[in-house]
Chemist: 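First the structure, then my questions, so here it is.
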Amino acid sequence: MSSVIDWESTSNPVKENRAGNIGKAVDRYEGPLKVTGTAPYAYEVEPPSPPAYGVMVSAPIARGRITAVDTAAAEAAPGVMLVWTYMNAPAQGPRPERYDFFTPSPRPALESDRVYYFGQQVAVVVADTLENAQAAATLVKLSYQDDAAKAVTFHDHFDEGVQPPGESDVEIGDFEKAFAAAPVTVDDVWRTPLQNHCQMEPCATTAWWDGDQLTVHTSVQMVRFAQNSLAETLMLPHKSVRLLTRYVGGGFGGKGSFYEDLVLASLAARELGRPVKVAFTRQQMMHGTVHRPATDVRVRLGATPDGRLTAMSLMTTTHCDRRGNFTEHASNFARSLYAAPNRLTGHRLVRLDLPVASAMRAPGEASGTLSLEVAMDELAEKLGIDPVELRILNEPESDPETGKPFSIRQLVRCMREGAQLFGWDRRLPTPGQVRDGRWLVGMGMAAAIRGNFLLPAKASFTVDADGVITVKQGMTDIGTGTYTVLAQIAAETLGVPLGDVRVEIGDSELPPAPGSGGQFGAATAGSAALDAGMNLRKAIAEIAVNDPASPLSGGDAAQVTFQDGVIAIANRSERLSELIRRNRPDGLTADGEVRPAADASKWSSHTYGAHYVEVGVDTITGEVRTRRMLGVFAAGRILNWKTARSQLTGGMIWGVASALTEGNAVDPRYGSLINQDLASYLVPVQADIGELDAIMLDEVDDKANPMGIKGVGELGISGAGAAVANAIYNACGVRVRDYPITPDKLLAALTAI
Amino acid sequence: MRAFTYERAADAQAAVKAAAETPNAKFIAGGTNLLDLMKLEIEHPAHLIDVARLPLAAIEETPEGGLRIGAMATNSHVAADARVRARYPVLTQAIVAGGSGQLRNKATTGGNLLQRTRCAYFYDTTKPCNKRAPGSGCGALEGLNRNSAIFGASHACIATHPSDMAVALVALDATVETLSPSGAARSFPLMELHRLPGETPDIETHLVPGELITAVVLPPAPEGGQMYRKVRDRASYAAGLASVAVAGGRIALGAVAHKPWRAADAEAALASGASADEAIGRELEGAGENGRNGFKINLVRRLVPAALAEAREQGRGA
């Protein structure tokens with residue numbers, strides 16, 4: 001197994017970047033297909049024969065039992081081929097007691113008469129047309145026993161919060177004592193609501209069988225996990241399932257697992273002997289998939305009058321569903337962010353009769369920074385110290401909890417460069433000083449942090465007789481740019497033009513990669529791709545020096561260079577395609593892989609950033625509009641300036657949403673989310689976002705992986721909402737600690753001023 | 001969605017005749033609201049009569065110096081009309097504050113008036129709603145009713161009317177022209193089109209079943225400034241938390257009642273010399289809150305004087 005030292009000391013084509021493909025603002029590989037509507041998403045894939053259409057029926061109660069089933073009318077409706085409830089659904093693999101993210105296991109659909117959450121799928125109707133299936137679905141009559149759900153005013157059940165399984169609070173020093181003794185303190189609670197991923201593409205599947213072999217096109221983030229879990233659900237060998245997910249219209253964590261569309265389409269296609277399509281509706285997505293759970297984060301900071309943190313604590317209470325084990329770790333990021341000798345962090349988990357909680361973009365950081373990064377603003381004000389300077393004063397030299405050295409940490413540089421570019425020096429520390437007509441204008445900032453990860457992955461590269469390189473990997477592109485960065489790595493590694501690279505991903509028959517999530521995708525998939533590319537280079541070089549017909553014959557394989565589709569040793573050269581045509585007319589393939597380095601855990605490895613925001617607060621109405629937003633980020637070597645920037649600005653916009661508009665209100669009488677569509681679940685529209693820019697510092701993290709890159713998918717949202725909240729305070733002097741900061745909440749305080 | 005039959009009406013008379021003769025028929029024009037409601041199982045018409053292509057899309061001058069806006073004129077078309085922009089800027093402002101560009105391109109003048117509430121309990125068929133399922137109760141009354149009515153609500157329904165355009169039209173004192181199922185034309189003040197919920201929130205207008213709106217007529221533009229202000233959680237494509245249309249001495253409020261709310265008490269107070277603050281205070285004496293919507297009273301109290309001041313400013317500039 002490699003070590004971090006190997007990564008640091010070994011050069012490679014990505015590091016050398018001779019052709020300049022790495023970092024360039026390359027357009028999306030699949031962009032033309034997407035913008036012309038010709039990239040087939042899962043539901044649009046043409047199956048080999050005409051499909052049937054499944055429509056799911058969802059439970060209208062939050063907890064209870066199905067007491068009677070009447071499907072006669074639905075079965076008799078035009079075009080109906082099949083109606084399934086728990087009474088007649090096929091046998092499936094048993095549900096494990098608890099799920100975890102990375103272990104495949106059965107996920108049976110329609111498994112029993114029990115209802116565990118509002119919106120749980122309880123029936124499916126399959127018909128010859130979508131319209132017939134929809135109409136018949138309205139005729140399925142289910143009766144329920146409603147077991148008055150413990151649903152579900154989260155705050156009414158706070159006392160029931162327990163330590164999440166296998167976890168304990170982390171304390172360094174003596175927090176309570178230090179906090180009690182601190183001359184300057186902040187002690188407040190911040191609340192964040194349930195949030196939903198709202199991917200543009202709802203979960204959907206097209207499935208068909210060929211004998212005992214199942215092919216499914218679906219929309220998931222993790223190919224191998226979904227393939228194996230589906231096979232186990234269907235009680236089949238893994239290899240009997242081929243799962244494809246070539247285009248994914250957003251995942252954000254919500255497609256880390258999969259849902260009943262995949263299972264029911266597969267089962268119904270087998271039953272009917274014809275392809276079946278099943279999709280979630282937008283409304284079903286809200287309850288029937290997963291959401292980011294609500295959090296209450298109590299932050300306590302103690303500091304000396306000169307601004308040194310002496311005590312810091314984040315205690316999060318959050319919730320998950322009855323059968324789940326997901327914890328929104330909103331306190332964890334704080335463990336690496338600021339120096340403070342006395343520290344206490346932990347979580348409490350309440351199990352409620354709500355839909356399934358799971359990961360959503362930057363789980364932990366997205367919620368947690370909305371508290372700590374505002375608490376730091378409050379502390380800065382109490383101390384009379386600029387918020388940037390307060391953070392710099394508490395910059396740790398090594399990881400404040402573990403003592404590990406940082407692989408690289410440029411948070412201070414992010415903050416300083418951001419402050420300068422944004423014009424932070426023009427901010428007036430006293431709120432309410434800047435007026436623009438009916439608007440009060442203010443600036444705020446916050447720090448960003450998100451962990452860095454590397455998981456095992458494989459890849460293969462093939463060169464064909466035309467000199468075209470094909471990258472193959474069971475990886476996904478959930479809108480992030482995976483296709484494009486893999487093409488860039490291939491072009492740079494094999495010295496071919498970008499146009500001579502093909503990328504095949506999203507297929508379980510390709511070399512496995514963990515998929516997209518946790519902002520580990522590019523580093524993990526890319527490092528395996530680089531290894532495959534290096535191996536292909538070696539194989540090509542060996543063939544060249546051993547081919548008497550090659551001008552490179554008899555040379556030193558280690559000296560072969562790859563550039564512009566030409567291989568060369570000094571001034572002896574030939575086209576790559578010619579060599580392959582002569583020696584491997586059917587193409588030449590090399591495999592590659594990456595594993596975390598044996599000693600990687602010796603370093604504290606994160607991505608960092610700083611957000612600067614200017615907002616206007618309408619003094620009459622309490623409306624808040626962002627005017628300017630700048631993020632400065634340090635996330636290792638950037639593979640593609642354009643796709644990385646898009647991910648970062650997308651995260652920043654999501655941060656605006658989490659501060660101002662976003663949240664699923666729960667009606668506790670029904671255990672149900674009240675806003676169920678994109679007209680009522682408010683994510684920002686273009687008009688909500690003024691000037692917006694993200695800047696990426698030059699950085700290489702050679703301890704992160706062989707390419708020195710890190711992820712950016714989750715960094716952008718971390719801290720962004722806190723900067724908005726701080727800007728609101730600077731504008732009008734009001735702190736709202738119950739997100740989102742909507743006009744009704746601000747108005748109450750503005751009226752009092 | 002359930003199966004339904006469909007016809008395209010040849011002319012307005014044929015449309016109302018078909019509506020009178022076909023059980024459970026509905027007109028469809030832009031379909032921007034009705035199709036959603038059908039997909040969500042909130043409306044289930046057995047028959048749709050498509051009136052979108054009827055020759056009722058013109059915007060023309062009236063002999064009185066106003067404008068007649070055909071019921072099939074799209075929201076985008078009306079908002080962009082040079083005469084509307086010059087003489088009735090409050091109407092353009094209100095229309096472009098509603099929906100999204102895509103919706104406004106499809107939505108018609110008549111359809112906009114007849115769009116249904118955005119109340120979340122109306123939209124969710126698993127919840128009680130007297131408007132959707134008469135007699136089932138009101139889920140919003142004890143629920144998440146932040147955006148419910150503060151004027152004219154009943155214990156049966158606290159929903160609001162979602163139109164922005166209609167608020168401006170009420171402030172402009174517009175008239176509605178219709179064709180009855182009998183084939184007879186009639187016209188009446190737009191203010192009288194919508195009803196308060198009372199015991200029958202499922203009945204939203206004073207139109208008789210099968211009656212077709214053919215036009216909205218604007219009287220000559222009033223003296224004084226015009227202004228539409230909409231308060232919302234995000235900058236576009238969001239239902240109003242409250243809105244106000246000012247046209248000369250007339251004031252209408254949006255998102256606060258089951259209908260566009262003419263602030264007659266405030267108008268009267270203003271006419272008799274009261275300050276803007278006093279005038280809206282007078283109007284709000286009739287307001288009531290339901291749980292979470294109390295902020296709207298405060299919001300309207302702040303919003304209306306500001307809009308009146310802006311309108312007055314504009315009136316001076318004109």
Chemist: Keeping the roles fixed (side chain from B:R302, backbone from A:T619), state whether a donor-acceptor pair exists under 3.5 Å.
Modeler: yes

Chemist: Report the C-alpha distance between A:Y670 and B:D124 in whole Å, list the side-chain angles of each, state the deciding distance to 0.1 Å, and finish with yes or no for side chain to side chain donor-acceptor pair (under 3.5 Å).
Modeler: CA-CA 12 Å; A:Y670 308 107; B:D124 182 346; over 6 Å; no

Chemist: Is B:E142 atom CD crowded by more than 12 heavy atoms from other residues, nucleotides or ligands, each under 6.0 Å away?
Modeler: no

Chemist: If I measure from the heavy atoms of chain B, does A:Q686 come under 4.5 Å with its side chain, its backbone, both, or neither?
Modeler: neither

Chemist: Determine, step by step, whether A:S672 and B:K127 satisfy the side chain to side chain donor-acceptor pair (under 3.5 Å) criterion, reporting the C-alpha distance in whole Å, the side-chain angles of both residues, the deciding distance to 0.1 Å, and the verdict.
Modeler: CA-CA 10 Å; A:S672 162; B:K127 307 291 186 292; 2.9 Å; yes

Chemist: Would you mind checking which part of B:R301 comes under 4.5 Å of any heavy atom in chain A, side chain (CB onward), backbone (N, CA, C, O), both or neither?
Modeler: neither

Chemist: Which pairs count as side-chain hydrogen bond (donor to acceptor under 3.5 Å, both in side chains) when at least one residue sits in residues 236-246 of chain B, sequence neighbours excluded?
Modeler: B:Y228-B:S243

Chemist: What residues of residues 121-137 of chain A sit under 4.5 Å from chain B when you count only heavy atoms?
Modeler: A:E131, A:Q134, A:A135

Chemist: Calculate, to the nearest 0.5 Å, the distance between atoms CG and CG belonging to A:L750 and B:L299 respectively.
Modeler: 11.0 Å

Chemist: Please classify the contact of A:N675 with chain B as side chain, backbone, both or neither, using a heavy-atom distance under 4.5 Å.
Modeler: neither

Chemist: Run the salt-bridge test on A:D618 and B:R229 with the 4.0 Å N-O cut-off and return the result as yes or no.
Modeler: yes

Chemist: Check A:P740, A:S680, A:P743 against B:D233 for a side chain to side chain contact (heavy atoms under 4.5 Å, CB included) and give me the one that passes.
Modeler: A:P743

Chemist: Is there a side chain to side chain contact (heavy atoms under 4.5 Å, CB included) between B:L241 and A:D744? Walk through the geometry before answering.
Modeler: CA-CA 9 Å; B:L241 299 172; A:D744 48 332; 5.8 Å; no

Chemist: Hey, which residues of residues 131-139 of chain B are touching chain A, say heavy atoms under 4.5 Å apart?
Modeler: B:G139

Chemist: Can you name the nearest heavy-atom pair linking B:K230 to A:E623, along with the distance?
Modeler: O-OE2, 3.7 Å

Chemist: Most heavy-atom pairs under 4.5 angstrom with chain B, which of A:T281, A:T621, A:L139?
Modeler: A:T621

Chemist: Are more than 12 heavy atoms from other residues, nucleotides or ligands located less than 6.0 Å from atom NZ of A:K745?
Modeler: yes

Chemist: Measuring heavy-atom distances to chain A, does B:A239 have an atom under 4.5 Å in its side chain, in its backbone, in both, or in neither?
Modeler: neither

Chemist: Would you say the side-chain atoms of B:R234 pair up with the backbone N or O of A:V683, donor to acceptor, closer than 3.5 Å?
Modeler: yes

Chemist: Taking all heavy atoms of A:I674 and all of B:L144, pick out the closest pair and write down the distance.
Modeler: CG1-CD1, 3.3 Å

Chemist: Which region of A:I689, side chain (C-beta onward) or backbone (N, CA, C, O), has a non-hydrogen atom less than 4.5 Å from a non-hydrogen atom of chain B, or is it both or neither?
Modeler: neither

Chemist: Only pairs of heavy atoms separated by less than 4.5 Å count here; which of B:A120, B:A306, B:G143 has the most with chain A?
Modeler: B:G143

Chemist: What's the shortest heavy-atom distance between B:T126 and A:P60, and which atoms?
Modeler: CG2-CB, 3.7 Å

Chemist: side-chain contact (heavy atoms from CB on, under 4.5 Å) with A:R191: which residues, sequence neighbours excluded?
Modeler: A:H155, A:D296, A:D738

